[in-house]
Amino acid sequence: MARYAHVAGALVLLAASSTARATVEITGVEGAPADNVRAFLLLDDLACAEDERAVRREFADAPGQIRTALEVFGFYAPTVDANLDLAGECWAARFAITPGDPVRVRTRDIAITGPAETDPAFIRAAAQAGLAVGEPLNHGRYDELKRRLSDFARDRGYASARFTQSRIDVFPAELAADIVLRFDSGERYRFGAVTIE
């Protein structure tokens, strides 16, 4: 009976070690950019027992994934110093990131037309978007503004609302971005006569 428990314990221990997490160390960025890098890094999902070829493949792809993750925050030219250590019981990867200077908003053309132009909810959303000229470009804030405008339109009866223009032109060499967002609310729909039979 004691021998069986010992074997079962060994099996449990073996199963736990096969799913142990490897070390993926990221330095040079903190906060939301670091969180986004971790979210994009597929290497961060691999266990210690992963096939070496898979680890090497994801490690080779990691710098591109890091660059994509940082573009969201306006960092279009980061440098990534990568190191992979396959010695020992479990592999380890280290990425030293130098984000560089962010792309900043150079021009901001955000306009709401139609009856929603004077609607306080829409005015507040545009004012609080955080996409001011001179600030680092943040694609998340841009996408959030678009979502808020669409949600307000749906909730407030602007059933024909649409974006007539929606783009961010990024010029990495100039560290500049031009934002154009035009939202036409269309007429606000209202309930007509109600008939109950």
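Not measured: the values here are computed from a predicted model. We count residues from 1, following the sequence as given.
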I need the minimum non-hydrogen distance between Y142 and S166, along with the two atoms involved.
OH-OG, 2.9 Å
F59/F95 aromatic ring centres below 6.0 Å:
yes
Kindly indicate whether the side chain of E50, heavy atoms from C-beta on, has any atom under 4.5 Å from the side chain of E58.
no
Check for me, please, whether L137 and V72 land in the same ILVMFWY cluster - side-chain distances under 4.5 Å, paths through other members count.
no
Tell me, do E187 and P115 make a side-chain contact under 4.5 Å, heavy atoms counted?
yes
Drop me the distance from I26's CD1 to D44's CG, to the nearest 0.5 angstrom.
6.5 Å
Are V105 and F183 linked, directly or through other ILVMFWY residues, by side chains that come within less than 4.5 angstrom of each other?
yes
Given the rule in the side-chain contact (heavy atoms from CB on, under 4.5 Å) test, do E71 and F75 qualify, once you have shown the distances and angles that lead to the verdict?
CA-CA 5 Å; E71 283 180 3; F75 298 107; over 6 Å; no
Is it the case that one hydrophobic cluster holds both V55 and L41, taking links as side-chain heavy atoms less than 4.5 Å apart, direct or via other members?
yes
How about CD on E30, more than 12 heavy atoms from neighbouring residues, nucleotides or ligands closer than 6.0 Å, or not?
no
Give me the atom names and distance for the closest heavy-atom approach of N36 to A69.
ND2-O, 2.9 Å
Measuring centre to centre across the rings, with the benzene-like ring taken for any Trp, is Y158 within less than 6.0 Å of F122?
yes
Before accepting this row, confirm whether a basic side-chain N of the pair D151/R148 lies closer than 4.0 Å to the acidic partner's carboxylate O.
no
Taking L131 as the starting point, is it possible to reach V170 by hopping between hydrophobic residues whose side chains are less than 4.5 Å apart?
yes
Hydrophobic clustering (ILVMFWY, side-chain heavy atoms < 4.5 Å, transitive) - are I168 and L145 grouped together?
yes
If you round to the nearest 0.5 Å, how far is CZ of R156 from OG of S185?
11.0 Å
For the pair I179 and D109, evaluate side-chain contact (heavy atoms from CB on, under 4.5 Å) and give the outcome as yes or no after the intermediate values.
CA-CA 6 Å; I179 296 175; D109 182 6; over 6 Å; no
Flag the pair R141 and E144 as a salt bridge only when some basic side-chain nitrogen lies within less than 4.0 angstrom of an acidic carboxylate oxygen.
no
Is it the case that R106 places NZ or CZ above or below the six-membered ring of F171, under 6.0 angstrom from the centre and within 45 degrees of the axis?
yes
Using 0.5 Å steps for rounding, measure from the CG atom of L70 to the CD atom of Q65.
12.0 Å
If you look at every heavy atom in A93 and L84, which pair is closest and at what distance?
CB-CD1, 4.2 Å
May I ask you to test the L181-Q165 pair for a side-chain heavy-atom distance under 4.5 Å?
no
Could you state the interatomic distance from CZ (R56) to CG (D51), rounded to the nearest 0.5 Å?
10.5 Å
Return the CH2 to OG1 distance between W91 and T23, rounded to the nearest 0.5 Å.
8.0 Å
Hey, is E174 close enough to R104 for a salt bridge, meaning N to O under 4.0 Å?
no
Nearest non-hydrogen partners of R108 and A129, listed with the distance
NH2-CB, 4.4 Å
Least distance between heavy atoms, G140 atom then N138 atom
N-OD1, 2.9 Å
Atom CG of L46 and atom CZ of R57: how far apart are they, to the nearest 0.5 Å?
8.5 Å
Set out, in order, the CA-CA distance, both residues' side-chain angles and the distance that settles side-chain contact (heavy atoms from CB on, under 4.5 Å) for I97 and T79, then state yes or no.
CA-CA 6 Å; I97 303 167; T79 57; over 6 Å; no
Kindly indicate, with the supporting measurements, whether the criterion side-chain contact (heavy atoms from CB on, under 4.5 Å) is fulfilled by R182 and D184.
CA-CA 7 Å; R182 299 292 181 89; D184 181 17; over 6 Å; no
Which pair of heavy atoms, one from F163 and one from S150, lies closest together, and at what distance?
CE1-OG, 3.4 Å
